[in-house]
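Fair warning: this is a prediction, and the values are worked out from it, not measured in the lab.
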Amino acid sequence: CTACLCLNGGICSGSTCTCPTGYKGTLCETPSCPSSCAPTQYLSACRCANCSASIPNCLRCCSASRCTVCAVGYIVSDCGGCEIANEVDDTVVADPLINVHLVLPPELAKTSLCYEFHGLSNKYFNLLSNNCTSINAHYAAVPDHPSVNVVDEIAIRTTDLANQCVDISIDVECSVSVNGVPVEPNQVRSKNGVKVTRYGGAEVRVTVPGCGGGQSLGVQVDCQSGTLFDRNDGGRFAAVRTMRVAVRRGLVEGGGGSHGLLGQFWNIRADIQKYSGVYAGPRYDYYVLSLDFGNGKKQRNIMTVLNSFTWERKRAPCLYAGNSNGGSIVEVNTPNDPVIEGQLEDYIVSGKFSTQWKYSMFTGSCRSA
């Protein structure tokens, strides 16, 4: 049924989820904790303490009056309670693990798409391309783990309000330059609608003008050390420097205004149907995600697995799809289109600030091959 996505083993009947023991909520997304928890006890089975009973829609808390994790559709308020998240979240987040917002019917609006893109070592790939801005990411192999790539540089080329070209470079230590001029820690550089703010050595925020006078586009880059997992040998290794980039902008009706590994999904209408075919591999909760790109483009039908957490372990339903580079998953044969349009090689750009590639939409005054 289209309007019924049941998490954590819930069963869909008509448009209603029947939840198993231990879960509750419209989608069975909320753990139902025992009432016998001690006030300071943390229950790994239900991931919250008993204070959630006194804080509506709270999943986890640090005291009887302050929530730290709220249920799907709610955010922690300034006073520690849970309030409805009214804003549509059109954020897309990328390193090798990508999370994108989907335009779904209202009852499914909190569901997103999670997929992987590990790229190729020492290559630049386009994340976003529209008429006036291009964002590229450089992928590099992790030392001693050549099969694992991470993003170690972000390059932004944009057209400012004076129709001048602006190049912004951010490396894995969050060192920043604008047209080759360094931006010092805790410094703000702002001119003709382009604003770059460097917060110490761990975060950079960039705002650039929207194309044709539209809403501005915001980019946040976090530089951090993290623990990664090598899918080939099963090993974990710590203290790897990585970059996490989040791109935000207002949704534009009609879609089709951007491309790239992230940009191609903005404002694309989607629908979800429970998969009713034959499994060729492990049994999961498979759903077919149908993406309508309009403009005469072929509809993409992607096989996905429903999970109640995003890559960042945020409690929100996410449809996991594709192989390690945005292709098709292997467990189901059909319908099973790749997550991204084309192949990974189609997103390679020739240089740091290059704007022209197979699906480029950049038409700014500073185009480059």
* Asked: Which one of M303, K298, Q299 satisfies the side-chain contact (heavy atoms from CB on, under 4.5 Å) criterion with D337?
  ->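 Option passing the side-chain contact (heavy atoms from CB on, under 4.5 Å) with D337: K298.
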
Does any N or O in the side chain of [X] come within less than 3.5 Å of the main-chain N or O of [Y], such that one atom is a donor and the other an acceptor?
X    : Y    : result
N179 : D167 : yes
R157 : S354 : no
N325 : G119 : yes
T158 : V166 : no
T304 : Y287 : yes

Non-hydrogen atoms of [X] and [Y] that approach each other most closely:
X    : Y    : result
F362 : T159 : CZ-OG1, 4.2 Å
C318 : L113 : SG-C, 3.6 Å
A162 : N192 : CB-ND2, 3.7 Å

* **Residues forming a ring pair (Phe, Tyr, Trp, His ring centres under 6.0 Å) with Y115, sequence neighbours excluded** =>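 Applying ring pair (Phe, Tyr, Trp, His ring centres under 6.0 Å) to Y115 gives F265.
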
Got [X] and [Y] here, is their nearest side-chain heavy-atom distance under 4.5 Å?
X    : Y    : result
V151 : V245 : no
Y139 : V150 : no
L127 : I154 : yes
S290 : R269 : no
R198 : V188 : no

* Asked: Do N126 and N136 get their side chains close enough for a donor-acceptor pair, meaning under 3.5 Å?
  ->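 Distance-only check passes for N126 and N136.
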
* Does a donor on one side chain and an acceptor on the other come within less than 3.5 Å for N130 and H259? ->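 Distance-only check fails for N130 and H259.
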
* According to the interplanar angle, ranging from 0 to 90°, do the rings of Y347 and Y359 count as parallel (below 30°), tilted (30 to 60°) or perpendicular (above 60°)? ->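 Geometry flag for Y359 against Y347: tilted rings.
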
* Residue pairs, two or more places apart or on separate chains, that pass salt bridge (Lys or Arg N to Asp or Glu O under 4.0 Å) and touch residues 169-196 ->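 Salt bridge (Lys or Arg N to Asp or Glu O under 4.0 Å) check on residues 169-196 returns E173-R241.
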
* Which residue pairs satisfy the salt bridge (Lys or Arg N to Asp or Glu O under 4.0 Å) criterion with at least one member in residues 338-365, sequence neighbours excluded? ->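 Sorted pair list: E153-K352, K297-E341, D346-K358.
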
* **Residues in side-chain contact (heavy atoms from CB on, under 4.5 Å) contact with Y199, at least two apart in sequence or another chain** =>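 If we apply the side-chain contact (heavy atoms from CB on, under 4.5 Å) test to Y199, skipping adjacent residues, the hits are T197, E203, R205.
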
* To do: State which residues pass side-chain contact (heavy atoms from CB on, under 4.5 Å) with A141; sequence neighbours excluded, sorted by chain then number.
  =>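 A141 satisfies side-chain contact (heavy atoms from CB on, under 4.5 Å) with S121, N149 once adjacent residues are dropped.
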
* To do: List the steps, then state whether side-chain contact (heavy atoms from CB on, under 4.5 Å) holds for I302 with L319.
  => CA-CA 10 Å; I302 303 168; L319 295 163; over 6 Å; no

* Supply the atom-to-atom distance H138 NE2 to N122 CG, rounded to the nearest 0.5 angstrom. =>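 Those atoms lie 4.0 Å apart.
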
* Asked: What residue pairs, at least two apart or across chains, pass disulfide bond (SG atoms under 2.5 Å apart) with a residue in residues 140-191?
  ->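 Qualifying pairs: C174-C223.
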
